There are 2 protein chains.
Amino acid sequence: MPTEKETEQKIFDAAQKVFQRSGFKGARMQEIADEAGINKSMLHYYYRNKDTLFSTVFQSAAKKIMPRVFGILASESSLREKVVQVVEFYHNAFRENPELPSFVIYEMNHHPQQFKDFIGSMEMHLPETFIEQVEEAVESEELRTITPDQFLMNVVSLCMMPMLARNMVQALFHLTDEEYFSFLDERRQLIPNLIFNGLAL
Amino acid sequence: MPTEKETEQKIFDAAQKVFQRSGFKGARMQEIADEAGINKSMLHYYYRNKDTLFSTVFQSAAKKIMPRVFGILASESSLREKVVQVVEFYHNAFRENPELPSFVIYEMNHHPQQFKDFIGSMEMHLPETFIEQVEEAVESEELRTITPDQFLMNVVSLCMMPMLARNMVQALFHLTDEEYFSFLDERRQLIPNLIFNGLAL
DNA sequence: GTCTATATAACGATAGAC
DNA sequence: GTCTATCGTTATATAGAC
């Protein structure tokens, strides 16, 4: 006999799975109930409606990625170590949950008002230590001129794009699932090298 | 009085707009009819059902991006010139139609079977001239060791990711629409530099 | 070809018994 | 809390007049 918390948790887990797989519009309440192995009415008992349930799932998903990246950027590591750690984090997180990045990015674009506020409320500013590291490296002529925003954008782009475009990548390069993950793994070393040294020898 | 072709075209244009804005699941046939300024029944008269209409729109959208990129890669330009041209192409295309990239990538992930076949049928192999350019540059030690696939993946990632994650980028960096497009424009020069030279000085 | 009207099905949500 | 049964709405799709 499941307790109240257990049922609520089962619903949340099922909703997470279905929303990530099908998106907000594509997800069916019945599908979530089936996934959770419970009655459809329970969804409305614990979460008032589809919007509320989705909002809970989305906010949880957003919190799984960005705060951890910002945590790395705020640490006391060197700039190069931070890049390595961010790259490793993205690739490990993708292994655990391949649909998470695509879900957050897409739904963010399709619920503009609602979740821009949410992201704002998380107070996600670039950590000062990271900003200073980039600015100092530029000033001391260790690095080319670049803003911290663009620096971070480059790292995140090189990590996430092959994850967001998984089917496109597999179709274009004719990769099996196994080959696709090998392709991603190659990038763990490739990305930090590219960021700092480019391709020129 | 519109001719047959004109009505069919109006429906296609409206469907393109609505599907790109709302996605397949989110798009409503009524919404498309309103956008086209015609009766809902006409959608079924010219295109049998929602799936057929969507398929037409999606395939048209896919053909707007990838063949043009592959065209650049197959040209007789130098490797560096090709990178510049691809970057320019992506950024110009995004200005014309900001929702196109996100649409193609997302729907590709959510209609797996159907459109993997389609991409396969386009016979989109990496142009031989591009492959040879990368391999020769690596062999002659102009460039670090890298496969042509990874090389292309890097360029595309640096271009497209800030476009796919538009709302996330704007929320995180607190950018107005105008500032966001300036942010993108900075990347036209930044990306080729990063690809070849990295950040190290 | 284009319209109105309607069939048919799916979905989110609620009422009410237990 | 959990279930069954059902309401009310909204979708896609079709039938049939013009």
Side-chain angles (χ1 to χ4, degrees), chain A residues 1-61 103 106-107 110-115, chain B residues 1-61 103 106-107 110-115:
Chain A
M1 193 62 176
T3 73
E4 183 173 338
K5 276 287 172 202
E6 278 168 349
T7 302
E8 191 172 340
Q9 186 63 39
K10 278 202 301 185
I11 292 174
F12 178 86
D13 293 343
Q16 191 163 44
K17 196 177 294 187
V18 173
F19 276 130
Q20 288 185 15
R21 185 172 55 213
S22 307
F24 174 72
K25 288 285 188 180
R28 303 285 85 126
M29 295 295 270
Q30 183 62 59
E31 199 184 350
I32 296 173
D34 293 346
E35 181 74 41
I38 51 106
N39 192 280
K40 197 178 56 167
S41 300
M42 293 290 90
L43 304 184
H44 294 89
Y45 180 80
Y46 284 98
Y47 304 85
R48 204 172 65 259
N49 51 33
K50 191 182 181 182
D51 283 326
T52 306
L53 181 52
F54 174 79
S55 187
T56 308
V57 168
F58 176 85
Q59 297 190 19
S60 157
F103 170 70
Y106 180 81
E107 299 298 341
H110 287 76
H111 305 258
Q113 204 66 351
Q114 184 177 1
F115 293 116
Chain B
M1 193 64 176
T3 73
E4 184 173 337
K5 275 288 170 200
E6 278 168 348
T7 301
E8 191 171 342
Q9 186 63 39
K10 278 202 301 187
I11 293 173
F12 178 86
D13 293 343
Q16 192 165 43
K17 196 177 294 185
V18 173
F19 277 130
Q20 288 185 16
R21 184 172 55 214
S22 308
F24 174 72
K25 287 287 187 179
R28 302 285 86 127
M29 296 294 270
Q30 184 62 57
E31 197 184 352
I32 295 174
D34 293 345
E35 181 75 39
I38 50 108
N39 191 281
K40 198 178 54 168
S41 300
M42 294 290 89
L43 304 183
H44 293 89
Y45 179 79
Y46 284 98
Y47 304 85
R48 204 172 66 260
N49 51 34
K50 191 182 181 182
D51 283 327
T52 307
L53 181 53
F54 174 79
S55 188
T56 308
V57 168
F58 176 84
Q59 297 190 19
S60 157
F103 170 70
Y106 180 81
E107 298 298 340
H110 287 76
H111 306 257
Q113 204 65 354
Q114 185 176 1
F115 293 116

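So that the names make sense, note that chain A is the first sequence line, chain B the second, and so on, each numbered from 1. Being a predicted model, the structure only gives us computed values, none of them experimental.
Rounded to whole angstrom, the span from the CG atom of A:Asn49 across to the C1' atom of C:dC11 amounts to 14 Å. B:Arg48 places its CZ atom 9 Å from the P atom of D:dA13, with the value rounded to the nearest Å. We find that CG of A:Asp51 is positioned 14 Å from C1' of C:dC11, with the value rounded to whole Å. One can place NZ of A:Lys50 at 12 Å from C1' of C:dA13, the figure rounded to the nearest angstrom. For the pair A:Gln30 CD and C:dA9 P, the computed distance is 18 Å after rounding to whole Å. Rounded to whole Å, the distance from CE on A:Met42 to C1' on D:dT4 is 12 Å. Summarising the geometry, the separation between NZ on B:Lys10 and P on C:dT2 is reported as 8 Å, rounded to the nearest angstrom. The interatomic distance linking B:Phe54 (CZ) with D:dA11 (P) rounds to 18 Å, in whole Å.
Less than 4.0 Å separates DNA chain C from no heavy atom of any residue of residues 18-29 of chain B. Residues from residues 32-41 of chain B with heavy atoms under 4.0 angstrom of DNA chain D, sorted by number: B:Lys40, B:Ser41.
Looking only at side-chain heavy atoms (C-beta outward), A:Thr7 and A:Tyr45 stay at 4.5 Å or farther from each other. Between A:Phe54 and A:Tyr47, the closest side-chain pair of non-hydrogen atoms is not below 4.5 Å.
Between the CE atom of A:Met42 and the NE2 atom of A:His44 there is a distance of 11.0 Å, given to the nearest 0.5 Å.
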List the atom pairs, donor and acceptor, that lie under 3.5 Å between side-chain atoms in residues 16-26 of chain B and the rest of the protein, sequence neighbours left out.
| from | atom 1 | to | atom 2 | distance (Å) |
| --- | --- | --- | --- | --- |
| B:Lys17 | NZ | B:Glu35 | OE2 | 3.2 |
| B:Gln20 | OE1 | B:Asn97 | ND2 | 3.1 |
| B:Arg21 | NH2 | B:Glu31 | OE2 | 3.2 |

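Among residues two or more places apart in sequence or in another chain, the side chain to side chain donor-acceptor pair (under 3.5 Å) test is passed with B:Tyr106 by B:His110. In this view, B:His111 and B:Glu107 satisfy the side chain to side chain donor-acceptor pair (under 3.5 Å) rule, not counting sequence neighbours. For B:Asn49, the side-chain contact (heavy atoms from CB on, under 4.5 Å) partners two or more places apart in sequence, or in a different chain, are B:Asp51, B:Thr52. Shown here are the side chain to side chain donor-acceptor pair (under 3.5 Å) partners of B:Ser41, two or more places apart in sequence or in another chain: B:Asn39. Remark: A:Ser55 pairs with A:Gln59 by the side chain to side chain donor-acceptor pair (under 3.5 Å) rule, at least two apart or across chains.
An OP1 or OP2 oxygen of C:dA13 is reached within less than 4.0 angstrom by a side-chain nitrogen or oxygen of A:His44. Distances shown here put every side-chain N or O of B:Tyr45 at or beyond 4.0 Å from the OP1 or OP2 atom of C:dC3.
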